[in-house]
Number of protein chains: 2
Amino acid sequence: MEAQVLKSTVSPVLRPAAHAGTFKNALLNALDAGGIARLQLHPVKFELGHDIEYPERLIENLYFIEDGMASMTTTFQDGSQVEVGMFGYKSVIGVSALMGTKRSLNRVYTQIAGSGYSCPVETARREFALGGSFQRLALGYVQAQLVQVIQLAGCNATHNFEQRLARWLLICADRARCDTFKMSQDFLSGMLGSTRSTMSITAAQFKQENLIEYARGTIHILDKKGLEKRACECYCVVEDYLDNYMQYDGGIPA
Amino acid sequence: MEAQVLKSTVSPVLRPAAHAGTFKNALLNALDAGGIARLQLHPVKFELGHDIEYPERLIENLYFIEDGMASMTTTFQDGSQVEVGMFGYKSVIGVSALMGTKRSLNRVYTQIAGSGYSCPVETARREFALGGSFQRLALGYVQAQLVQVIQLAGCNATHNFEQRLARWLLICADRARCDTFKMSQDFLSGMLGSTRSTMSITAAQFKQENLIEYARGTIHILDKKGLEKRACECYCVVEDYLDNYMQYDGGIPA
DNA sequence: ACGCTTATGTAAGGTAGCCCACAGTATCTG
DNA sequence: CAGATACTGTGGGCTACCTTACATAAGCGT
């Protein structure tokens, strides 16, 4: 079965390749077989740089990432963009459509190419309305997204560039289950709301301490433990929540 | 009918004073009479400084503010707190309990004393499960909260202290429908992730331009239009969304 | 009235990070 | 292979902001 490439306009209805319990996406994996069947999942590829959501554009599908990573950004009036969220195999993109929003407010686009599944918004709405495990999982993920952005808002107000860069690298590696990614310093500094010259200096420090290595648009993480020491606590807070929120019947540990 | 003071432990079941369509709280006001009746609303007073939610503590009630303002903060390991959200008469506090979370992750506490209604979590969960207008309103508000925090995360990464202070003052005035509030410079600078000395200088500038006046822990806004010019766009983005999200069947304008 | 606490003004010194500019080099393109 | 483009290093000047410290004054309790 061919995976649908996101950029194509044709979208024949295909059955998902995997069955309940065999998905790489954590949410799909936690869903029962009936829910999987009803969602009409559809394999997709996420190509580097592709816009999954775009401001003002209708949200037509939910996306479940299996491999790769996507960023959500806010665009300011002067055109600058700052990252406000990261999606990976523990995420579902487009849940705001389930909260009554029709058009996206932020840009979401592929940072690390990969693949996953799509699901038509209307199908997802119907499944959500059933009030079963899909609703529970979707709401749990919304809460997880909220926790992440809240922590990020505090982090951006408080922590310095070095801490935030280390945090970003670690979260990116976790989301994409991958220690190497194509990403120029220029680009990444912008995501963090900073500048290339600041980035260059900090990256050089990390490189000199063998925490990372990089060359012409490719970053490779060498020492996660070392980076954790340089990162702010926000990394642990976010990752701990994401790792655990599904294990406790949708709540955090008692 | 006596309003229940939040700090009391006794909470006799009382009927709300107002009926559907007569509430000052925007969400309650949008709810149908049946929903209002089923929610078992209970008048409460919010006393200055009172903790409405606290990290790790069970969320027992949802709160609908009618007057006053509450802040949500993140607490870092070093004990410092930064504001990550503001609640007022267009808000409901505790929706994360509807998303499957049992215990609060952040502190939410009264910044400007006021009053409102409480609703037991289990009652709210039952009403939510009905899938009617309460569910629609609650989900819409979750989305609104997400929009706000997302904007804040970007704002904190990009905009300078002066812009953010002006934004904060304007949003506070909107949330509380009130241009005067008790709040020391020291305290407010901390909320914004900055320091008192920075705050003192910026506040003096605003004062000199007759945008605000203040004395010993009381701030008074004199010129909103003037402050808007000093604030970043984040103020408008957030307020526009809050003002409009309920008018379009839960979605943003088509 | 007296001291205590709290709120604010102010100032010096230090630093992180911004802006700008230029240089070197790797990759890509025709 | 020549030129164009993209990625990174580096340096200088500048500013916002932090840290610390001290001074003043208003409110508060006794």
Side-chain angles (χ1 to χ4, degrees), chain A residues 48-49 76 78-83 111-112 154-169 180-209 211-221 230-232, chain B residues 48-49 76 78-83 111 154-169 180-209 211-220 230-232:
Chain A
L48 184 63
F76 292 112
D78 65 1
S80 63
Q81 290 186 21
V82 185
E83 187 178 66
Q111 294 278 18
I112 298 178
C155 183
N156 285 344
T158 308
H159 300 137
N160 65 24
F161 183 78
E162 180 177 293
Q163 293 174 301
R164 290 187 290 129
L165 175 59
R167 181 211 63 196
W168 192 95
L169 292 167
T180 306
F181 23 88
K182 293 199 64 166
M183 184 118 1
S184 75
Q185 292 186 8
D186 193 3
F187 182 82
L188 180 48
S189 65
M191 290 286 103
L192 292 168
S194 184
T195 59
R196 197 180 61 77
S197 51
T198 302
M199 174 75 186
S200 178
I201 292 165
T202 312
Q205 284 169 3
F206 283 180
K207 185 178 194 171
Q208 208 220 322
E209 297 173 50
L211 301 175
I212 61 172
E213 60 183 13
Y214 56 87
R216 297 201 68 71
T218 303
I219 301 178
H220 182 62
I221 294 180
R230 300 304 210 85
C232 46
Chain B
L48 184 61
F76 291 113
D78 66 359
S80 63
Q81 291 186 22
V82 185
E83 189 179 65
Q111 295 278 16
C155 182
N156 285 345
T158 308
H159 301 136
N160 64 25
F161 183 79
E162 180 177 293
Q163 293 173 301
R164 290 187 290 130
L165 175 59
R167 182 210 64 196
W168 191 94
L169 292 167
T180 306
F181 21 88
K182 291 199 66 166
M183 182 112 13
S184 75
Q185 293 185 10
D186 192 4
F187 182 82
L188 181 47
S189 65
M191 290 286 103
L192 292 167
S194 184
T195 60
R196 195 180 63 78
S197 51
T198 302
M199 175 74 186
S200 178
I201 293 165
T202 312
Q205 285 169 3
F206 284 179
K207 184 178 194 171
Q208 208 219 324
E209 298 171 51
L211 300 174
I212 61 173
E213 61 184 12
Y214 56 86
R216 294 199 69 69
T218 304
I219 301 177
H220 183 62
R230 301 305 209 83
C232 46

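Lettering follows sequence order; numbering is per chain, from 1.
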Novice: Are a donor atom and an acceptor atom from the side chains of A/Asp186 and A/Ser184 found within less than 3.5 Å of each other?
Specialist: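 Distance-only check fails for A/Asp186 and A/Ser184.
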Novice: Return yes if some donor-acceptor pair links the side-chain N/O of A/Thr158 with the main-chain N/O of A/Gly154 below 3.5 Å, else return no.
Specialist: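 Such a contact is found between A/Thr158 side chain and A/Gly154 backbone.
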Novice: Nearest-Å distance, CZ (A/Phe187) to P (D/dT8)?
Specialist: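 To the nearest whole Å, that distance equals 12 Å.
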Novice: Separation of B/Leu188 atom CG from C/dA7 atom P, in whole Å?
Specialist: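 Those two atoms, CG and P, are 13 Å apart.
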Novice: Once each nucleotide of nucleotides 9-19 of chain C is scored for protein heavy atoms under 4.0 Å, what B/S/- sequence comes out, 5' to 3'?
Specialist: BBB-----SSB
Novice: Please name all residues satisfying side-chain hydrogen bond (donor to acceptor under 3.5 Å, both in side chains) with A/Thr180, sequence neighbours left out, ordered by chain then number.
Specialist: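 Here the qualifying residues are A/His220.
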Novice: Run B/Cys155 and B/Arg164 through side-chain contact (heavy atoms from CB on, under 4.5 Å) and show every step you take.
Specialist: CA-CA 8 Å; B/Cys155 182; B/Arg164 290 187 290 130; 3.7 Å; yes
Novice: Return the set of residues passing salt bridge (charged side-chain N to carboxylate O under 4.0 Å, His left out) with B/Glu209 (not counting sequence neighbours), or none when no residue passes.
Specialist: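 Scan of B/Glu209 (salt bridge (charged side-chain N to carboxylate O under 4.0 Å, His left out), adjacent residues dropped) gives B/Arg230.
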Novice: Determine whether any donor atom in the side chain of B/Arg216 lies under 3.5 Å from an acceptor atom in the base of C/dT6, or the reverse, and answer yes or no.
Specialist: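 In this structure, the two groups form a donor-acceptor pair.
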Novice: Measuring from atom OG1 of A/Thr218 to atom NZ of A/Lys182, what distance do you get when rounded to the nearest 0.5 angstrom?
Specialist: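 One finds 5.5 Å between OG1 of A/Thr218 and NZ of A/Lys182.
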Novice: Roughly, in whole Å, what's the span from CG in B/Asp186 to P in C/dT8?
Specialist: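 The answer, rounded to whole Å, is 8 Å.
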Novice: Between A/Lys182 (NZ) and C/dT27 (C1'), how many Å, whole number?
Specialist: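 That distance rounds to 10 Å.
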